[in-house]
Engineer: 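Just passing along the structure, written as structure tokens.
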Amino acid sequence: MKSTNRTPVIAANWKMHKTIEEAVCFVKGLIPLILNVPVKVYVAPPYTALHSSAVAARNSPVVIGGQNMNDENEGAFTGEISANMLKDAGAEFVILGHSERRHLFNETNDFIRRKVKKALSKKLQPLLCIGETKQEREEEKTEQILKQQLEESLGDISPEEMETIILAYEPVWAIGTGSPALPKEVQVIHHFCRQLVRQKWGADTAEKVIIQYGGSVHPQDVKELMELPDVDGVLVGGASLTLDLFNQIIHYSR
Ligand code: 13P
């Protein structure tokens with residue numbers, strides 16, 4: 001057993017998948033399966049299914065969130081979505097800095113920092129993703145990259161704000177490959193990230209902050225990952241699209 005007071009968060013990132021009907025059906029099916037689990041369950045549907053998923057999840061343990069947002073309140077930003085709009089649709093958290101946003105859509109740490117600030121000011125819980133590419137890993141730059149992403153994406157937020165943030169370590173080279181990072185490596189990196197939080201925001205905050213692992217999490221790997229001392233949850237892509245697989249991940253300790 002792990003000696004921590006942190007309640008793990010298991011989150012589904014559906015990326016660009018699911019119609020409204022599919023999303024609602026999934027959420028309704030998920031609720032009765034998770035009524036007594038010792039973890040928090042988050043789901044990030046595509047924007048089109050956000051509101052109907054939030055309605056389906058009302059008064060249930062399922063927490064609904066967005067997959068991204070802009071840092072402005074409103075304006076001429078075609079295709080973008082604001083924190084207020086996410087909240088209006090029923091979102092309680094928002095994924096920021098996902099590697100697909102960083103690498104496919106060229107999002108910078110500076111832009112992500114402004115989004116984190118905005119989300120905090122609107123009481124939307126940021127779920128901040130960090131992670132190195134294959135090349136950065138091969139060049140042994142992992143720690144340098146993570147430190148830079150963490151410092152530059154978070155800026156000068158207060159310890160109280162930091163405690164509300166979920167960090168997700170998602171090595172880019174493990175996402176969507178079917179092969180998660182080795183548990184031994186994951187623990188080293190998560191411990192490193194918690195140390196960074198400790199140095200900047202103090203020991204109390206570091207003890208409270210949730211650090212998830214993401215990247216090819218499947219039912220067969222999740223138990224070993226979740227038992228690591230510094231892993232407080234998982235962020236799941238592909239395996240979160242199927243209710244049965246996601247449910248197996250949530251019930252990893254069975
Ligand atoms: P996969 O679980 O499909 O590798 O995706 C991970 C991810 O990017 C979650 O945000």
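Note that the numbering runs from 1 along the sequence shown for the chain. Atom set for the values below is all heavy atoms of this structure, side chains included, hydrogens, waters and symmetry mates excluded. Atoms within each ligand, like the ligands themselves, are counted from 1 in listed order.
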Engineer: Distance alone, cut at 3.5 Å: any donor-acceptor contact between the side chains of K118 and N70?
Structural biologist: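 There is no such pair (donor and acceptor under 3.5 Å, judged by atom type) between the side chains of K118 and N70.
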Engineer: Given A239, G178, S216, which one has a non-hydrogen atom that is nearest to atom 1 (P) of ligand 1?
Structural biologist: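 Considering heavy atoms of A239, G178, S216, the nearest to atom 1 (P) of ligand 1 sits in S216.
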Engineer: Taking 4.0 angstrom as the limit and counting only heavy atoms of N13, give me the atoms of ligand 1 inside it, by number and element.
Structural biologist: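 Contacts of ligand 1 toward N13, numbered from 1: 9 (C), 10 (O).
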Engineer: Pull out every atom of ligand 1 sitting under 4.0 Å from any heavy atom of G237, numbered as shown with elements.
Structural biologist: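 Ligand 1 atoms under the 4.0 Å threshold to G237: 1 (P), 2 (O), 3 (O), 5 (O), 6 (C), 9 (C).
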Engineer: Kindly write out the residues that satisfy ring pair (Phe, Tyr, Trp, His ring centres under 6.0 Å) with W14, not counting sequence neighbours, or none if the list is empty.
Structural biologist: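 Checked W14 against ring pair (Phe, Tyr, Trp, His ring centres under 6.0 Å); matches are F26.
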Engineer: Consider ligand 1: state whether an atom of it lies below 4.0 angstrom from any non-hydrogen atom of K15.
Structural biologist: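 Yes; K15 lies near enough to ligand 1 that a heavy-atom distance drops under 4.0 Å.
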Engineer: With I250, which of V234, V39, L33 fulfils side-chain contact (heavy atoms from CB on, under 4.5 Å)?
Structural biologist: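 Option passing the side-chain contact (heavy atoms from CB on, under 4.5 Å) with I250: V39.
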Engineer: As an exercise, identify every atom of ligand 1 less than 4.0 angstrom from a heavy atom of L235.
Structural biologist: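 Reading through ligand 1 atom by atom, the close ones are 9 (C), 10 (O).
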Engineer: Are R114 and D110 ion-paired here, with the side-chain N under 4.0 Å from a carboxylate O?
Structural biologist: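 Yes, R114 and D110 are salt-bridged.
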Engineer: Return the orientation label for the H190 and Y169 ring planes: parallel under 30°, perpendicular over 60°, tilted otherwise.
Structural biologist: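 It falls in the perpendicular class, over 60°.
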Engineer: Does any N or O atom in I175 lie less than 3.5 angstrom from one in ligand 1, N or O only?
Structural biologist: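 No, I175 has no N/O under 3.5 Å of an N/O on ligand 1.
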Engineer: Mind checking side-chain hydrogen bond (donor to acceptor under 3.5 Å, both in side chains) for T7 and listing every partner two or more places apart, or none if nothing turns up?
Structural biologist: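 Partners of T7 under the side-chain hydrogen bond (donor to acceptor under 3.5 Å, both in side chains) test: none.
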Engineer: By number and element, which atoms of ligand 1 are closer than 4.0 Å to a non-hydrogen atom of E170?
Structural biologist: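 Numbered from 1, ligand 1 contributes 6 (C), 7 (C), 8 (O), 9 (C), 10 (O).
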Engineer: At a 4.0 Å threshold, what atoms of ligand 1 neighbour a non-hydrogen atom of G238?
Structural biologist: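 Those atoms are 1 (P), 2 (O), 3 (O).
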Engineer: Considering only protein heavy atoms, which is closest to atom 10 (O) of ligand 1, and at what distance to one decimal place?
Structural biologist: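 I find the closest protein heavy atom is H98 NE2, 2.8 Å.
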Engineer: Could you grab the distance from atom CD of E132 to atom CH2 of W173, nearest 0.5 Å is fine?
Structural biologist: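 Rounded to the nearest 0.5 Å, the CD-CH2 separation comes out at 6.5 Å.
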Engineer: For ligand 1, is there an N or O atom under 3.5 Å from any N or O atom of G214?
Structural biologist: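 The answer is no, given that G214 and ligand 1 share no N or O pair closer than 3.5 Å.
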